[in-house]
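For reference, the structure is listed below as structure tokens.
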Amino acid sequence: MPDVHWGYGFPIGGVAATNVERGGVVSPGGVGFDISCGIRLLSTTFDEGDIQPRLTRLMTTLKRDVPAGGGRGGIWRANDRDLRRVLEHGARAAVEAGYGFTEDLERCEDGGWLPAGVGDAVSERAKARGIGELGSLGSGNHFIELQIVDRILDPQVAQRFGLREGQVTAMIHTGSRGLGHQICSDHVREMLKALESYHIELPDPQLAAAPVRSTHGERYLSAMAAAANFGRANRQLLTWAVRRVFEAALGRGQISVVYDVSHNLAKLESHQVGGSRVELCVHRKGATRALPAGHPDLPGVYSEVGQPVLVPGSMGTASYVLVGESSNDAFFSTCHGAGRAMSRHAAMRTGDGVELRRSLQRQGILVETRSVASLPEESPEAYKDVDEVVRACEGAGLSRPVARLRPVGVLKG
DNA sequence: ATGTTC
């Protein structure tokens with residue numbers, strides 16, 4: 001994908017499909033450490049004029065109510081049984097516990113959950129790291145952003161997505177936190193020990209892999225599904241927090257899910273390859289699934305137009321909503337964001353966090369964070385131009401732009 | 001991305 005950059009084992013912005021029936025492998029490095037990291041977009045019944053006078057209050061409350069940064073707890077004080085339900089049922093478990101509505105799930109990839117039996121493929125350590133982080137933002141490039149629909153590029157599709165010019169939206173970017181990270185580490189280690197038994201030779205241990213149809217492959221995929229469920233429940237819990245914050249600041253209004261989609265996941269999918277249907281294990285790492293109109297896996301509400309694709313820019317630049325295209329020849333995948341142009345280390349040398357925050361504020365973007373000092377890691381300078389990335393995807397026939405969103409408030413981890 | 005090195 002055009003937002004490609006260096007990553008662990010596989011690049012971020014990469015799509016790799018393996019043929020399951022012919023011994024194709026699954027590789028944790030092809031998914032990434034932050035399993036099921038992804039974006040959820042919320043539409044609101046509010047307009048820019050409704051939130052501008054209360055923006056400071058909205059952002060302060062959001063910062064107060066959303067645990068962010070490392071090890072700061074989660075919204076849901078979950079017990080072992082709650083965690084188990086989350087690992088097995090994802091966003092559905094969060095909704096059943098009162099953190100949202102059944103309608104939310106309809107507008108999530110996979111209905112918000114993948115079937116996952118939680119055996120010993122999810123280690124006790126992974127569960128211990130996850131239980132206190134249910135409903136937390138994390139750090140790095142994770143954020144909650146309040147945006148204004150700046151431009152509608154495809155009116156018909158935008159209408160179906162529930163988007164109109166001047167409308168307030170909220171974008172949530174987070175993943176599976178320490179739990180997903182631990183699952184990735186655990187399974188890379190397990191697979192490395194088993195390489196010889198599968199006759200796999202690798203140029204680099206970061207490419208650790210096992211056949212999809214093998215003990216190690218199946219164990220990873222079931223743990224990965226549990227982590228994906230955690231990530232989706234996490235975004236559902238943050239949705240609940242956003243709804244509460246809006247209600248406290250602005251009173252009654254409606255906040256709906258536009259879509260929720262992962263950009264770090266491997267999925268078993270059926271695709272047309274060389275004239276026949278084959279079962280593939282499609283790894284998307286920093287790449288977003290983008291189903292075209294008419295695809296059977298789409299929820300009914302989007303079946304006629306195609307899947308919403310949620311593409312965040314960098315902090316302080318626009319984000320996009322795209323839609324899947326039938327001309328997509330990348331196993332129905334497209335970009336996932338602007339993509340880094342600088343390493344975190346190089347980005348830290350571009351300037352001072354306090355100054356960056358001030359400069360964004362001058363552009364009408366209120367930034368709240370617990371760590372101003374690390375803000376330059378996420379400086380817009382450190383990222384590619386999202387408008388160009390989106391154009392490249394359109395030119396390649398991967399996806400088509402539907403709406404451009406401009407930020408007014410950002411909560412960073 | 002991450003109890004930023006088990």
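Letters A, B, ... are given to chains in the order of the sequence lines, protein chains preceding strands, and every chain is numbered from 1.
Side-chain atoms of A:Glu21 and A:Val278, non-hydrogen and from C-beta on, never get closer than 4.5 Å to each other.
Under the side chain to side chain donor-acceptor pair (under 3.5 Å) criterion, A:Gln361 pairs with no residue at all, not counting sequence neighbours.
Going from atom CZ of A:Arg340 over to atom C1' of B:dA1 covers 11 Å, rounded to whole Å. Rounded to whole Å, the distance from CZ on A:Phe33 to P on B:dA1 is 13 Å. B:dA1 atom C1' lies 17 Å from atom NE2 of A:His187, rounded to whole Å. A:Leu137 places its CG atom 11 Å from the P atom of B:dA1, with the value rounded to the nearest Å. At whole-Å resolution of the value, CD1 in A:Ile12 and C1' in B:dA1 are 8 Å apart. With rounding to whole Å, A:Asn234 atom CG is found 14 Å from B:dA1 atom P.
At least one donor-acceptor pair under 3.5 Å links the side chain of A:Thr44 to the backbone N or O of A:Phe46.
A distance of 6.0 Å or more separates the ring centres of A:Tyr259 and A:Phe161.
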Please produce a list of atom pairs where a protein N or O lies less than 3.5 Å from an N or O of nucleotides 3-6 of chain B.
residue : atom : partner  : partner atom : Å
B:dG3   : OP1  : A:Arg129 : NH2          : 2.1
B:dG3   : OP2  : A:Glu133 : OE2          : 2.8
B:dG3   : N2   : A:Arg129 : NH1          : 2.8
B:dG3   : N2   : A:Arg129 : NH2          : 3.4

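Residue pairs that meet the salt bridge (charged side-chain N to carboxylate O under 4.0 Å, His left out) test with at least one member in residues 379-399 of chain A, sequence neighbours left out, are A:Asp387-A:Arg404.
Counting any heavy atom pair closer than 4.0 Å across all strands shown, A:Gly138 reaches sugar-phosphate atoms only and no base atom.
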